[in-house]
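As structure tokens, the structure follows; a few thoughts come after it.
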Amino acid sequence: MLADHLPALQVALPLLTAPLVILLRTGFLAWLVALLASLCSLGLAMLLTATVLETGTQHYAVGGWLPPMGIGLTVDGLSALVLLLITGASSLALAGGRLSLRKDIDNRRAPMFYGAWLISMAGLCGIAVAGDAFNVFVFMEISALATYVLIAGGRDRRALSAVFKYLIIGTIGATFYLIGVGFLYMMTGTLNFADIALRLDEVTETRPIVIAAGFITIGLALKAAIFPLHVWLPRAYTYAPNAATVFIAACSTKVVIYVLLRFNFEVFHGNLPGHTDLFGVFIIPLALAGIVLASAIAIFQTNLKTMLAFSSVAQIGYIALAAGLTSEAGLMAALLHMFNHALAKGTLFLCVVAFVLTSGSASMDSLRGIGKRMPWTMAAFLVAGLSLVGVPGTAGFISKWYLVVAVIGWDGWGAALVAAIVISSLMAVVYLWRFVELAYYSEPPGGEVVPMEVSRPLRCLIWFAALANIYFGLFPQLPLALARSGTETLLGGLF
Amino acid sequence: MTTLLIGVFLLLLLVITAVAIVRSTDLFSGVMLSGIFSLLMALNFFLLDAADVALTEAAVGAGVATVLLLAGLKLTPSTEARARPVRPIAIIVVAIIALLMIYASFGQPSLGDPTAPAQTHVAPWYIENTPELVDIPNIVTAVLASYRGYDTLGEVFVVLTAGIGVMFLLGGGRGKPFSRLHTDPPQGLSHYLIPKVIARMLAPFILLFALFIQFHGEYSPGGGFQAGAIFVAGMILYALVRGEDKALAVIPPHVLLWMSAGGALLYGSVGLLGIAMGGQFLEYSVLADNPVTGQHIGIIVIELGVGLTVTGVLLSIFHAFAARD
């Protein structure tokens, strides 16, 4: 019986646990309840994924009102992929972040923090299961507000100015999206995605619709940190509490990209003549610039978190580039890379959590010789780093492979794009090598090498994440199946 | 024709106010102007027959938001640190966006056009079926609380998250206590006779009006959001006149925390109850033998949840600002 309600429970469970968490008295209890809720959500996401793979897309009418009168939830392979990312990243970050968060957040404020964490996760899940354009906006607001709270919890005072910038830019992005949805409602009289797509045909090429497509695309690109709209991202990632960075970096921008893809492919493609080409023309140059420039900037960073943040901007570029090709292979690559990059970046930031626990700072200087002091964690960092570069045998290789295949099959200047991808991958080798060299071949700040590994559970968790990078490199069936099913729904409008 | 003229006049005032907000370097007048902006917006909404939205805008935008900004102003200097030079790029971007929206507006259906898509698709369904399915006179409430009750649940959590954020950063709830709880007696405006007398007379009526808005939302414009904001306005008036600690004695911080969390939980529990009783999430029809009665019960309970959370969160935010120096 409950199985029918999985899409609603996926959102309701973490959302309704959050008010309970803020009523708790100690940080430990709040953390424990948040972790349990997060793990339960992960379980729900797995159940949903299994159901979707078995029986196809799930529909749910909230309140018993059938869409478009009421709000419909739709869960297909793409939603399932994103749900696994969100709940998995949250569980990993909470489980591994206990000690780190205890240092960052004092005990009395901790229940508020973990409440915000659950709301943020529930908001992201809400976006992933939504089948309604306005509902997406509501849950985008929920997750964004809660994410601002998470970032503001950083110990460094600069977290506040970083989060203010993110708040302003995020609000502009959300407003643009809302303006676009408003225009769509004005011309179609409905908010349900499938219904908009159905009714768009009659009013296609009217001015409000064209403008709406522009506002929605640019608003979401702002929130997804697509170059050059990424200015909020590096500082937000850097100054957020380390464990929160694991969660945010793994999934928050990906969920926005998910909405961008949904809107552009399920709603606009096939209904707006020329939109497909325009989307590519808009997104490919930006993606290319992001891939090359952000990778280059990452090389010169003196803080490990900032370096990884700029690397994220470049990786978002890969996803955007692949999606911009608007081909089947391209979308496959984009969806796969969403999954694989989240895996690699989540592991890398989890290693940062461990590094900072022992060294106290994420600046490159204080991490000198960390490889000798923390051999296990550093080895896991290396594995995830290889996945980020795209070395065969790791998850990153699978999506890079699909990306290159998609690019070569593209009618445009495939060769130039391949060159950009190769150059940027080499730059990734350079910026990762800079850190690896520092970690293994230079003397620790104190001069003496003292083994200072973090606790065994955290080490196990880090290695669990690192091994997942290898596992999904060798056995990529699950992400492949979900990405394929997602591609089919996205392109359903095209063919 | 008169409506059109008034509309143009109001929009003109709106533009003037917006320009004045951008140009003012004095933060106090900026806050006051933004209050005026919200009030003009509320009038505009009312002119467009959106009474519920107008009430919300007046209560939240012009009322509570202005007071909260003023409370925030206590923590900052009263003028901008330095006049920022106008950045040409910013002006160009804003101009392009404005032009795009004006361009789009030429393709939109004209105001009140009965054949517009927004009037012919789901709206007629709501109008035809609400008397039978939900049976409350205010269809807007039916849409917000029942047909799109899931969005409204989301909005309640937006409010709660805002409260969590402020309490996390500034203290309140169980975290850092409001720091000025027990200071010397002369607080607020208690030494001004006229505001004191008038506020004393007004406060009970404002609170009573809030309760009316809360429980009459199915029949007339209103509901939990507006009621909560008006209730908070009454409490803030009381706090200003009698002093912070008196207001906190009436509703202590931990009660505010329980109200904030409890309201959201109450709303969500109604949703889960729907599943437990064999319906969908947030399906009220299954709450009673008669589906229409079930809808009534559901709407009243969730509106109560909305009112509790809005009141708890807004008052917590006010106290959190007011307690800082």
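Each chain gets a letter, A, B and so on, in the order its sequence line appears, and its residues count up from 1.
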Could you walk me through whether B:Gln295 and B:Ser285 pass the side-chain hydrogen bond (donor to acceptor under 3.5 Å, both in side chains) check?
CA-CA 5 Å; B:Gln295 289 288 338; B:Ser285 301; 2.8 Å; yes

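- At a 4.5 Å heavy-atom cutoff, A:Asp106 makes no contact with chain B through either its backbone or its side chain.
- When all heavy atoms are compared, the tightest approach of A:Ala133 to A:Ile196 is CB-CD1, 4.3 Å.
- Heavy-atom distances place the side chain of A:Ala8, and not its backbone, under 4.5 Å from chain B.
- Across B:Gly263, B:Gly262, B:Gly163, B:Pro109, the residue that shares the most heavy-atom pairs under 4.5 angstrom with chain A is B:Pro109.
- A centroid separation of 6.0 Å or more is found between the aromatic rings of A:Phe28 and A:Tyr114.
- Looking at B:Tyr126, the atoms closer than 4.5 Å to chain A (heavy atoms on both sides) all sit in the side chain, from C-beta outward.
- Side-chain contact, B:Asp113 with B:Thr115: a donor N or O sits under 3.5 Å from an acceptor N or O.
- Counting heavy-atom neighbours within 6.0 Å of B:Leu111 CG, excluding the residue itself, gives a total of 12 or less.
- Proximity to chain A (any heavy atom under 4.5 Å) is restricted, for B:Leu160, to the side chain, taken from C-beta onward.
- For A:Thr206, no part sits under 4.5 Å from any heavy atom of chain B, backbone or side chain.
- A distance of 13.0 Å separates CG of B:Leu272 from CE of B:Met277, quoted to the nearest 0.5 Å.
- Interface remark: A:Phe113 contributes backbone and side-chain atoms alike to the contact with chain B (heavy atom separation under 4.5 Å).
- Considering only heavy-atom pairs separated by less than 4.5 Å from chain A, the leading option among B:Ala104, B:Ser146, B:Gly274, B:Ala162 is B:Ala104.
- Heavy-atom minimum distance, B:Gly279 versus B:Val286: CA-CG1, 3.9 Å.
- Proximity to chain B is limited to the side chain of A:Leu191, based on heavy atoms less than 4.5 angstrom apart.
- In this structure, the portions of A:Ala61 lying under 4.5 Å from any heavy atom of chain B include both its backbone and its side chain.
- Only the side chain of A:Leu73 has a heavy atom closer than 4.5 Å to any heavy atom of chain B.
- Interface remark: A:Val11 contributes side-chain atoms only to the contact with chain B (heavy atom separation under 4.5 Å).
- For A:Asn192 and A:Asp132, the side-chain atoms include no donor-acceptor pair closer than 3.5 Å.
- Residue A:Leu15 touches chain B through both its backbone and its side chain, counting heavy-atom pairs closer than 4.5 Å.
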After noting the C-alpha distance and the side-chain angles of B:His296 and B:Asp135, does the key distance pass the side-chain contact (heavy atoms from CB on, under 4.5 Å) rule?
CA-CA 8 Å; B:His296 286 188; B:Asp135 192 28; 4.0 Å; yes

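- Of the atoms belonging to A:Ile119, it is side-chain heavy atoms, and not backbone ones, that fall under 4.5 Å from chain B.
- The part of A:Phe215 that comes within reach of chain B is its side chain, from C-beta onward, which places non-hydrogen atoms under 4.5 angstrom from that chain.
- Taking all atoms of both residues into account, the shortest heavy-atom contact from A:Ala162 to A:Tyr239 is CB-CD1, 4.0 Å.
- Using modelled atom types and a 3.5 Å distance limit, the side chains of B:Glu218 and B:Thr141 yield no donor-acceptor pair.
- Within the 4.5 angstrom heavy-atom criterion, atoms from both the backbone and the side chain of A:Tyr185 approach chain B.
- The 12-atom threshold is not exceeded at CG of B:Asp289, counting heavy atoms of other residues, nucleotides or ligands nearer than 6.0 Å.
- Between chain B and the options A:Leu145, A:Ile105, A:Leu150, the largest number of non-hydrogen pairs under 4.5 Å is found for A:Leu145.
- Here A:Trp65 is the residue among A:Phe134, A:Tyr60, A:Trp65, A:Phe183 with the most heavy-atom pairs under 4.5 Å with chain B.
- Side-chain contact check for B:Phe106 versus B:Ile102: some heavy-atom pair is nearer than 4.5 Å.
- Neither the backbone nor the side chain of B:Ala116 comes within contact range of chain A, judged by heavy atoms closer than 4.5 Å.
- Highest contact tally toward chain A, considering only B:Ile164, B:Val143, B:Leu133, is held by B:Ile164 [criterion: heavy-atom pairs under 4.5 Å].
- For chain B, the option among A:Val149, A:Leu9, A:Ile71, A:Thr188 with the highest count of heavy-atom pairs below 4.5 Å is A:Ile71.
- Side-chain contact check for B:Tyr147 and B:Thr130: at least one donor-acceptor pair (N or O, by modelled atom type) lies under 3.5 Å.
- Among B:Thr120, B:Asp151, B:Val122, the residue making the largest number of heavy-atom pairs under 4.5 Å with chain A is B:Asp151.
- Neither the backbone nor the side chain of A:Ile209 comes within contact range of chain B; no heavy atoms are under 4.5 Å apart.
- In this structure, chain B has a heavy atom under 4.5 Å from the side chain of A:Asp195, while its backbone stays farther away.
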